[in-house]
Amino acid sequence: MKKILEHIKTNTYPRFYLFYGSEKYMIAQMKNQLKKALVSPEDTMNYSYFEGKKADVEEIAELAKTLPFFNDHRLIILEDTGLGKKTNEDFLEQLKECADTTVMIFIEDDADKRSKIYKFLSKEGHAVSFEPAKDAELIRWLQSLLKKEGKQMSSSVIRSFLNRCGSDMFTLKNELEKLISYTGERQDITIRDLDELTSSQTTNQIFVMLEAIARKQRDKVLGLYYDLIELKESPFGILALLVRQCNQLIQVKDLASRNSSNAAMAKAMKVPPFVVGKLKDQAKLFRMETLYRMTEACARTDEQIKNGRINDRVGVELLLIEFSGKEAEIG
């Protein structure tokens, strides 16, 4: 990541970036910083965004060869297209003809370091794995956010905050923003503030919501959503927790398919053993492909909200209606 910040500082960029891994917050941060540096918000001529497996490969290749219009660079973002994950020989050959003024950001959930596309992108560009931060790194990050707002937490309160909210950085930032707002002019954030405001209740509500989604109980799903909104939970925070829950269910199903013990699952997922038991029961209600489709739909809604194409409350509500309105896919 330091190298990417150096690219921005010196305004010298490789043609290709490959971002992959489970820490979606840092991927989004790096993507947005590069976008801000390379194209202005109103520049639609030199910015293109493609998402999903149906992205038009020929259109992408042609854009990559095209010189920018009254700008130093053309930016192309490819998110979850699979083009940075699985080698497409024709596409790979066309990438070699990419204009020097084009910057392409490939964002994938993981990467195969043995593949031709990975070797090409890492040799000709910059490949970065974004994995969950360790507690010490999260503590330093939280302390920097608190300092910017003129707030502070003791070491014991920060550790309690991490224990309650987990390690997902989107969730942590959302919960911290609520605490900062809740404490007003007061500088210290205390354990009592955590008791009154952090997301243990919200997380339980999300757990119940996922079960209602699996059973296609739309009224119950929307009722839970409206309750969370009444509790001042942000739609974006609810979306982040939905993604986190879906990812945990995917992990559980994957580990269970490899006959991992509950203890091994708890260690791998960094959650208490009793949580693994609850997740295993809920995971039985979903097919793996259903969970993947749900996380992809959440990512689309997240992008639409961040780009201002849809209101956050409406976007998440429409997503929940979609999830809970299809034919049952339990199995």
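Note that these values count all heavy atoms, side chains included, but never hydrogens, waters or copies made by symmetry.
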Among Leu320, Val314, Ile321, find the one that has a side-chain contact (heavy atoms from CB on, under 4.5 Å) with Glu317.
Ile321
Taking the six-membered ring for Trp, are Phe236 and Phe170 ring centroids under 6.0 Å apart?
yes
Which distance, rounded to the nearest 0.5 Å, do you find between the CD of Glu97 and the CD of Glu62?
9.0 Å
Taking the side chain as every heavy atom from C-beta outward, state whether Ser40 and Asn46 have any pair of such atoms under 4.5 Å apart.
no
Under a 4.5 Å cut-off applied to non-hydrogen side-chain atoms, are Thr301 and Leu318 in contact?
no
First locate atom CE of Met104, then atom CZ of Arg74, and finally report the distance between them rounded to the nearest 0.5 Å.
11.0 Å
Tell me, with the steps shown, if Ser22 and Asn247 meet side chain to side chain donor-acceptor pair (under 3.5 Å).
CA-CA 9 Å; Ser22 58; Asn247 283 331; over 6 Å; no
Do the side chains of Ile189 and Leu194 get nearer than 4.5 Å, heavy atoms only?
yes
Atom CD of Glu303 and atom CG of Asp80: how far apart are they, to the nearest 0.5 Å?
10.5 Å
Lys36 side chain near Gln33 side chain, heavy-atom distance below 4.5 Å
no
Mind checking whether Tyr118 and Tyr20 have parallel, tilted or perpendicular rings, split at 30° and 60°?
perpendicular
Is there side-chain contact between Phe70 and Asp43, with heavy atoms separated by less than 4.5 Å?
no
Check the pair Arg15, Glu124 against salt bridge (charged side-chain N to carboxylate O under 4.0 Å, His left out), reporting the backbone distance first and the verdict last.
CA-CA 7 Å; Arg15 291 183 298 171; Glu124 300 296 328; 3.8 Å; yes
Is the shortest side-chain heavy-atom distance between Asp302 and Lys24 below 4.5 Å?
no
Output for pair (Lys253 NZ, Phe286 CZ), nearest 0.5 Å, gives 9.5 Å
Give the minimum heavy-atom separation between Ile158 and Gln143, together with the two atoms involved.
CD1-CG, 3.7 Å
Under a 4.5 Å cut-off applied to non-hydrogen side-chain atoms, are Tyr47 and His73 in contact?
no
Please walk me through it: do Arg244 and Leu241 pass side chain to side chain contact (heavy atoms under 4.5 Å, CB included)?
CA-CA 5 Å; Arg244 178 190 178 202; Leu241 288 170; 4.1 Å; yes
Given salt bridge (charged side-chain N to carboxylate O under 4.0 Å, His left out), test Arg293 with Glu289 step by step and report yes or no.
CA-CA 6 Å; Arg293 283 199 297 270; Glu289 56 266 31; 5.7 Å; no
Run the side chain to side chain donor-acceptor pair (under 3.5 Å) test on Thr190 and Asp193 for me, step by step, so that the C-alpha distance in whole Å, both residues' side-chain angles and the decisive distance to 0.1 Å come before the verdict.
CA-CA 5 Å; Thr190 66; Asp193 297 322; 3.2 Å; yes
Going from OG1 on Thr171 to CD1 on Ile238, what distance comes out if it is rounded to the nearest 0.5 angstrom?
11.5 Å
How many angstroms lie between CG in Leu18 and CG in Leu83, if you round to the nearest 0.5 Å?
11.5 Å
Where Thr183 and Lys151 come nearest, the two heavy atoms and their spacing:
OG1-NZ, 3.0 Å
Measure the shortest side-chain to side-chain distance between Met209 and Leu242 over non-hydrogen atoms and say whether it is less than 4.5 angstrom.
yes
Electrostatic pair Glu89-Lys116, nearest N-O below 4.0 angstrom:
yes
